[in-house]
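First the structure, in the form of C-alpha cells, and then the observations on it.
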Amino acid sequence: MILPIVTYPDEILTKRAAAVTEITNAVIQLLDDMQETMQAYDGVGLAAPQVGQSLRVAIVETDDESGPLELINPKLIMQEGEAVDVEGCLSFPDVFGTVKRAAKIAVRYVDREGYENELVAHDYAARIIQHEIEHLDGGLFTDRMIRRLTPEELEEYMEEHDDD
Ligand code: CO
C-alpha cells in the first residue's frame with residue numbers, strides 16, 4: 001500500500017524514533033509499504049517517521065535486483081572522511097541543497113528475518129544511509145545544509161539526474 005508522506009513541519013519528523021523490539025507482521029507490512037511508497041514517489045531512501053511511524057526503520061535504494069536495503073534499528077559504527085554533495089528529501093518537496101557527510105560508513109542493523117548485519121558503504125549510498133538514520137534521530141538535513149540550490153541550479157541538477 002502506498003502511504004502518504006509526512007512533510008515538514010510535522011512534529012513526528014523532529015522526534016527520536018523508538019527501537020523495534022520485535023519484528024512483528026506489522027513491521028514486515030511497514031517495510032513492504034515503505035518500499036511501495038518510495039517507488040511511487042521516486043525516492044532513494046525513506047524513514048518510517050516520514051510515513052507517520054515513529055520507529056527505527058528505514059529503507060535505502062540499491063542497484064540490487066532484490067530490492068532496497070532494509071535497515072531495522074540501524075547504527076553507524078564507523079564514519080570516515082568527508083564529502084559534500086546535493087541532497088533532497090521527500091518530506092521537503094522542492095528543497096535541495098549541499099550537505100557534508102562522512103564519505104565512508106559502516107552500519108550495523110537488523111534485517112527483516114531478525115538477523116544482525118553489518119555493511120560498509122561509500123559515496124552516495126553512504127550519504128543516503130546517513131540521511132535516513134538522521135531522520136530516526138529526529139534530525140533534518142535542512143538544519144545542516146551548507147547552501148540551498150537556487151531554482152536555476154535545481155533545474156540543472158534535475159536534468160543531470162533525469163536518467164537515473
Ligand atoms: Co529525508
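Note that the coordinates shown come from a computational prediction; the quantities given were computed from them, not determined experimentally.
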* Who passes side chain to side chain contact (heavy atoms under 4.5 Å, CB included) against Val44, sequence neighbours left out? -> Glu61, Tyr124, Ile128

Side-chain atoms of residues 48-55: list all donor-acceptor pairs with protein atoms under 3.5 Å, sequence neighbours left out, distances to 0.1 Å.
residue	atom	partner	partner atom	Å
Gln50	OE1	Ala47	N	2.9
Gln50	NE2	Ser91	OG	3.0

* To do: Quick one: pull up CG in Asp10 and CD1 in Ile5 and give me the separation to the nearest 0.5 Å.
  => 12.0 Å

* Asked: Could you give the distance from CD1 (Ile146) to CD (Glu87), rounded to the nearest 0.5 Å?
  -> 9.5 Å

* Asked: Just wondering, more than 12 heavy atoms not from Asn25 lying within 6.0 Å of its CG?
  -> no

* Asked: What do you reckon, is CD of Glu36 surrounded by more than 12 foreign heavy atoms closer than 6.0 Å?
  -> yes

* Structure fact -> Quick note, ring pair (Phe, Tyr, Trp, His ring centres under 6.0 Å) partners involving residues 30-79, not counting sequence neighbours, are none

* With Asn117, which residues qualify under side chain to side chain contact (heavy atoms under 4.5 Å, CB included), at least two apart? -> Tyr109, Asp111, Tyr115

* Quick one: CD1 on Ile72 to CD on Glu116, what's the gap to the nearest 0.5 Å? -> 12.0 Å

* Asked: Taking NZ, NE, NH1 and NH2 as the nitrogens, is one of them in Arg148 or Glu153 under 4.0 Å from a carboxylate oxygen of the other?
  -> no

Report all side-chain donor-acceptor pairs from residues 75-85 shorter than 3.5 Å, counting only partners two or more places apart or in another chain.
none

* Asked: What's the shortest heavy-atom distance between Arg144 and Val99, and which atoms?
  -> CD-CG1, 3.4 Å

Got a list of side-chain donor-acceptor pairs under 3.5 Å for residues 11-22, not counting sequence neighbours?
residue	atom	partner	partner atom	Å
Thr14	OG1	Glu11	O	3.1
Arg16	NH1	Asp137	OD1	2.8

* To the nearest 0.5 Å, what is the distance between OH (Tyr8) and CZ (Phe141)? -> 11.5 Å

* Structure fact -> Output for pair (Arg112 CZ, Glu70 CD), nearest 0.5 Å, gives 4.0 Å

